[in-house]
Amino acid sequence: MLHSQILQINVFSHLFVPAPFMDSSSCIKKIPDSNGVITLFIHLQSPVAPLVCPHCSSFNHHISKGLRSIELKHFSFGSIPVVLVVSYHRYICKDCSSYFSENIPFQFDNRKATVPNVQSALFEMKENHSMASISRMHDLGKNTIYRIFNENIHIPDRFYHLSSVISIDEFKATSDKGTYAFNIVDPITGKTLDIIEDRKASFLRNYFLRFPFHERKKVKFIIMDLSSSFYCIMHSLFPHAQIICDRFHYIRLAGQNFIQSRLDACSFLHDKPLAKSIKRNLRLFYKYKKGLDNDKTWYDFHLRRYFTCASYIDYLYTLSERRNKDNCHHNTMFDSLIIMEMLDNYEIYQNLLKLIHEKNELNSMMIIKWLDYIFDTQNSYYLITAKNFRKKWFIPLLCSLSYTTIYKRRTGSYKTSFNNGFIEGMNNKIKLIKRNAYGFRYFYNLRKRIFLYLGYSYSFTYKDTKKGIPIFQ
């Protein structure tokens, strides 16, 4: 029962049974292999059984040409590698004079590995292990793993129905197709719908136009970043869908405008310790002002004072008011004006954060007020961003603040606003896959590895070989 209960490799009626080695009375050996590693060798041999010639289909009309043996790598028994030494018969047909050999049902595609070992190696790809580490864990050559991945694994084409909410984004892929690939996900259920090889407008139109109009009409919301080209394409392909821009992208754009004003202020300040302190505490300005910590103190080595996050901002406001004092030095007055201008830009950024952190039914009025203030003051740092928001992204920005939905995950469901958080997390996983593999040359292999990591279905493709067919299977 060794071959059926422990190895579990014979799924056909034509069984390979344990047989003793030629120089031993046992079918199991535990000896060093050619590399000096202690390995468990198990000898299996097939009994002579009636076969059908694969060339002329003649039945049981062949002559045995003796036994041949092959060593197949099986999955390890604990820390000990296991090798199956399989002895099989080779025949010559009397009718067509063709040579053929017995079929080994547990051999994977004429390679020196068993099917369970290869399937176990493929399971490791779902854990995002590199192919070199998989080859070491399963005692297979690196080139064997590469060939199995390239030649024997097939990911079927994706056929799916468009959901009511889709999220789109791009990521850097390979240079053989398009430098940037296009990712489509369903953020509600957390499923990747498809990965497209190119982000060009003509390619995207050809891809989405394969869906009939009544199918594209089902899409109600499209979540995306601030890409004008994607906006035009999606608006033409999905005229009934409402486009929503992700909060992170327009907050980051406004934050970059404030960073530029902060750097300009630091370059103009005469008080160099203060300028270095403002440069060092970059992340403090990114936070929402009402959420700043006022309990934990820290020491500023440039100003040589203890602060909390809230008291540091208050200290800057105090410095901006020094210009009102009598007998103020002109350098001090100039620095106060510079800090006052920087804090004015800081307030503009904080007012945008207020729209996100504090829910308000009058979001449209608050956005209009925020934009009007920039246009009235002609703020050079935010003016281009404000024009872009008002011309193209006012409605998508307003929808990102107003609409909410329920996201479903394995651990449960939660209510939140429409966002691109899931697809951004997917892009990070894709970067991790590329980094572990030291990059991919072909997009097909990258796409295949991504879908294997996500647990999507795949199929094996085998080479067409001429093997003897058992009569009873």
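The first residue in the sequence is number 1, and the count goes up from there. A quick note: this is a predicted structure, and the numbers were derived from the prediction, not measured.
Of the candidates F301, Y312, Y299, Y306 forms a ring pair (Phe, Tyr, Trp, His ring centres under 6.0 Å) with just one, namely Y299. Each of F211, F208, F221 was checked for a ring pair (Phe, Tyr, Trp, His ring centres under 6.0 Å) with F238, and the lone residue meeting it is F208. Each of I222, L226, N420, N419 was compared with C245 under the side-chain contact (heavy atoms from CB on, under 4.5 Å) criterion, and only L226 meets it.
Under the 3.5 Å distance criterion, with hydrogens and angles disregarded, a donor-acceptor pair is assigned to the side chains of H74 and T114. Under 3.5 Å, the side chains of T174 and D176 contain a donor-acceptor pair of N or O atoms. Of the N and O atoms on the side chains of N428 and E424, not one donor lies less than 3.5 Å from an acceptor on the other residue. Donor-acceptor pairing under 3.5 Å is recorded for the side chains of D264 and Y381. Judged by distance alone, the side chains of S130 and N436 never bring a donor and an acceptor atom under 3.5 Å apart. A donor atom on one side chain and an acceptor atom on the other are not found under 3.5 Å apart for R262 and N345.
The number of heavy atoms from other shown groups lying within 6.0 Å of NZ (K177) does not exceed 12. Atom NZ of K354 has 12 or fewer neighbouring heavy atoms from other residues, nucleotides or ligands inside a 6.0 Å radius.
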*Please test V86 against F106 for side chain to side chain contact (heavy atoms under 4.5 Å, CB included), starting from the C-alpha separation and ending with a verdict.*
CA-CA 10 Å; V86 182; F106 47 84; 3.8 Å; yes
_side chain to side chain contact (heavy atoms under 4.5 Å, CB included) assessment of L401 paired with I356_ = CA-CA 7 Å; L401 298 173; I356 295 177; 3.9 Å; yes
_Verdict with supporting geometry, R147 and N152, side chain to side chain donor-acceptor pair (under 3.5 Å)_ = CA-CA 7 Å; R147 286 195 296 267; N152 298 107; over 6 Å; no
*Go through the steps to decide whether F307 and T297 satisfy the test side chain to side chain contact (heavy atoms under 4.5 Å, CB included), and finish with yes or no.*
CA-CA 5 Å; F307 293 102; T297 59; over 6 Å; no
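Cation-pi geometry between K448 and F149 is met: the NZ or CZ atom falls under 6.0 Å from the ring centre, inside 45° of the normal.
Applying the side-chain hydrogen bond (donor to acceptor under 3.5 Å, both in side chains) test to residues at least two apart or on different chains, the pairs with a partner in residues 396-408 are Y250-S400. A side-chain hydrogen bond (donor to acceptor under 3.5 Å, both in side chains) check over residues 237-247, counting only residues at least two apart or in different chains, returns the pairs D246-H249. Residues in residues 285-295 take part in these salt bridge (Lys or Arg N to Asp or Glu O under 4.0 Å) pairs, two or more places apart or across chains: K289-E347, K290-E358.
Between F394 and F389, the distance separating the two ring centers is not shorter than 6.0 angstrom. Ring pair F451/Y458: centre-to-centre distance not below 6.0 Å. Between F171 and Y180, the distance separating the two ring centers is not shorter than 6.0 angstrom. In this structure, the ring of Y382 has its center no less than 6.0 angstrom from the ring center of F258. Ring to ring, F230 and F182 are close: their centroids are under 6.0 angstrom apart.
The aromatic rings of Y288 and H357 lie parallel to each other, their planes meeting at an angle below 30°, with 60° marking the opposite boundary.
The existence of a salt bridge linking K112 and D139 is excluded, since no basic side-chain nitrogen approaches an acidic carboxylate oxygen closer than 4.0 Å.
For Y160, the side chain to side chain donor-acceptor pair (under 3.5 Å) partners two or more places apart in sequence, or in a different chain, are Y207. Residues passing the side chain to side chain donor-acceptor pair (under 3.5 Å) test with R441: none are found, sequence neighbours excluded. Under the side chain to side chain donor-acceptor pair (under 3.5 Å) criterion, S87 pairs with H43, sequence neighbours left out.
The OG1 atom of T385 lies 4.0 Å from the CG atom of L253; values are rounded to the nearest 0.5 Å.
Of all the heavy atoms in V185 and N183, the pair that sits closest is CG1-OD1, 3.8 Å.
With hydrogens and angles ignored, the 3.5 Å screen pairs a side-chain donor or acceptor of N281 with a backbone N or O of S277.
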